[in-house]
Student: 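One structure follows; several queries about it will come next.
Owing to the predicted nature of the structure, the values given are computational and were not obtained by experimental measurement. The chain is numbered in sequence order, starting from 1.
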Amino acid sequence: QVQLVESGGGLAQAGGSLRLSCLASGRTFGSYIMGWFRQAPWKERVFVAAITSSGGRTAYADSVKGRFTISRDNAKNTVYLQMNSLKPEDTAVYYCALDLHVILTSTPSRYEYWGQGTQVTVSS
């Protein structure tokens, strides 16, 4: 079993920054792909970013490329999402997720474990 706990969400102004963290427990964290997804009110959950187990490869949604950075610290069982140049359309609940497979994917159904989410609100 895996437990994922997100933190770091909150209110930011447009153009500002936030850093989300996701602490994992229950499995060998460093062996698995980690991803971030977000879900805005009345919309489906969508891919934001993902990172391989070693941190050597990353993938991003087009909407956040150049603004968001995913990283991980396997010694701390933590994955991060640094969000810069925030826009009001980034407002959503952000979820971290763990994928037991070995190939980066943006498909939510491929991720087996999910956190409870953290709210990010960006004001204009």
Side-chain angles (χ1 to χ4, degrees):
Q1 194 62 277
V2 174
Q3 294 79 43
L4 302 174
V5 180
E6 301 97 335
S7 61
L11 178 63
Q13 291 188 331
S17 299
L18 285 173
R19 189 175 82 153
L20 306 183
S21 300
C22 174
L23 176 64
S25 61
R27 269 188 182 259
T28 307
F29 172 78
S31 299
Y32 303 108
I33 289 169
M34 296 296 297
W36 285 97
F37 294 78
R38 66 186 182 187
Q39 187 167 19
W42 311 111
K43 294 187 177 181
E44 65 181 13
R45 192 171 299 186
V46 297
F47 172 76
V48 175
I51 188 167
T52 55
S53 58
S54 67
R57 290 183 59 217
T58 58
Y60 296 92
D62 288 343
S63 59
V64 306
K65 277 182 183 176
R67 299 189 299 122
F68 290 10
T69 302
I70 188 171
S71 61
R72 65 192 297 161
D73 184 340
N74 288 341
K76 295 182 178 180
N77 282 8
T78 302
V79 62
Y80 304 97
L81 185 68
Q82 178 67 45
M83 305 185 296
N84 298 329
S85 302
L86 284 164
K87 304 176 181 180
E89 50 264 43
D90 294 320
T91 295
V93 177
Y94 283 71
Y95 299 89
C96 71
L98 183 149
D99 182 5
L100 297 176
H101 301 90
V102 297
I103 298 175
L104 281 177
T105 178
S106 60
T107 305
S109 61
R110 290 290 303 274
Y111 287 77
E112 286 83 1
Y113 296 96
W114 294 81
Q116 82 290 347
T118 185
Q119 176 70 47
V120 171
T121 303
V122 183
S123 62
S124 57

Student: Distance from C96 atom SG to Y113 atom OH, nearest 0.5 Å?
Tutor: 13.5 Å
Student: Say whether, by atom type as modelled, one donor and one acceptor occur between the side chain of N74 and the main chain of S53 under 3.5 angstrom.
Tutor: yes
Student: What's the separation between atom CG in D73 and atom CG in L23, rounded to the nearest 0.5 Å?
Tutor: 11.0 Å
Student: Would K87 and D90 satisfy salt bridge (Lys or Arg N to Asp or Glu O under 4.0 Å), going step by step from the backbone distance to the final call?
Tutor: CA-CA 5 Å; K87 304 176 181 180; D90 294 320; over 6 Å; no
Student: Walk me through whether K76 and F29 qualify under side chain to side chain contact (heavy atoms under 4.5 Å, CB included).
Tutor: CA-CA 9 Å; K76 295 182 178 180; F29 172 78; over 6 Å; no
Student: To the nearest 0.5 Å, what is the distance between CE on M34 and OG on S71?
Tutor: 11.5 Å
Student: Are the side chain of R72 and the backbone N or O of I33 linked by a donor-acceptor pair below 3.5 Å?
Tutor: no
Student: Measure from the side-chain N and O atoms of T105 to the backbone N and O of T107, and report whether any donor-acceptor pair falls under 3.5 Å.
Tutor: yes
Student: For P88, does its backbone N or O pair with a side-chain atom of S124 as donor and acceptor, under 3.5 Å?
Tutor: no
Student: F37 and Y111: side chain to side chain contact (heavy atoms under 4.5 Å, CB included), yes or no, with the steps?
Tutor: CA-CA 10 Å; F37 294 78; Y111 287 77; 3.5 Å; yes
Student: Is V64 reachable from F47 through a run of hydrophobic residues whose side-chain heavy atoms are each under 4.5 Å from the next?
Tutor: no
Student: Indicate yes or no: at least one non-hydrogen side-chain atom of V122 is less than 4.5 angstrom from one of M83.
Tutor: no
Student: Say you draw a straight line from CG of L20 to CZ of F68; how long is it, rounded to the nearest 0.5 Å?
Tutor: 8.0 Å
Student: Of R38, Q39, Q119, E6, which is the lone residue that meets side chain to side chain donor-acceptor pair (under 3.5 Å) with Y94?
Tutor: R38
Student: Taking atom CG of L4 and atom CG of N77, what is their separation to the nearest 0.5 Å?
Tutor: 10.0 Å
Student: Please report the shortest heavy-atom distance between G10 and L18, naming the atom on each side.
Tutor: O-CD1, 3.9 Å
Student: Could you check whether the rings of W114 and Y95 sit parallel, tilted or perpendicular, using 30° and 60° as the cut-offs?
Tutor: perpendicular
Student: Got a donor-acceptor contact below 3.5 angstrom from the Y60 side chain to the I70 backbone?
Tutor: yes
Student: Do R19 and L81 have side chains that approach each other closer than 4.5 Å (heavy atoms only, starting at C-beta)?
Tutor: no
Student: Decide yes or no for L100 and Y32: does some side-chain heavy atom of the first lie under 4.5 Å from some side-chain heavy atom of the second?
Tutor: yes
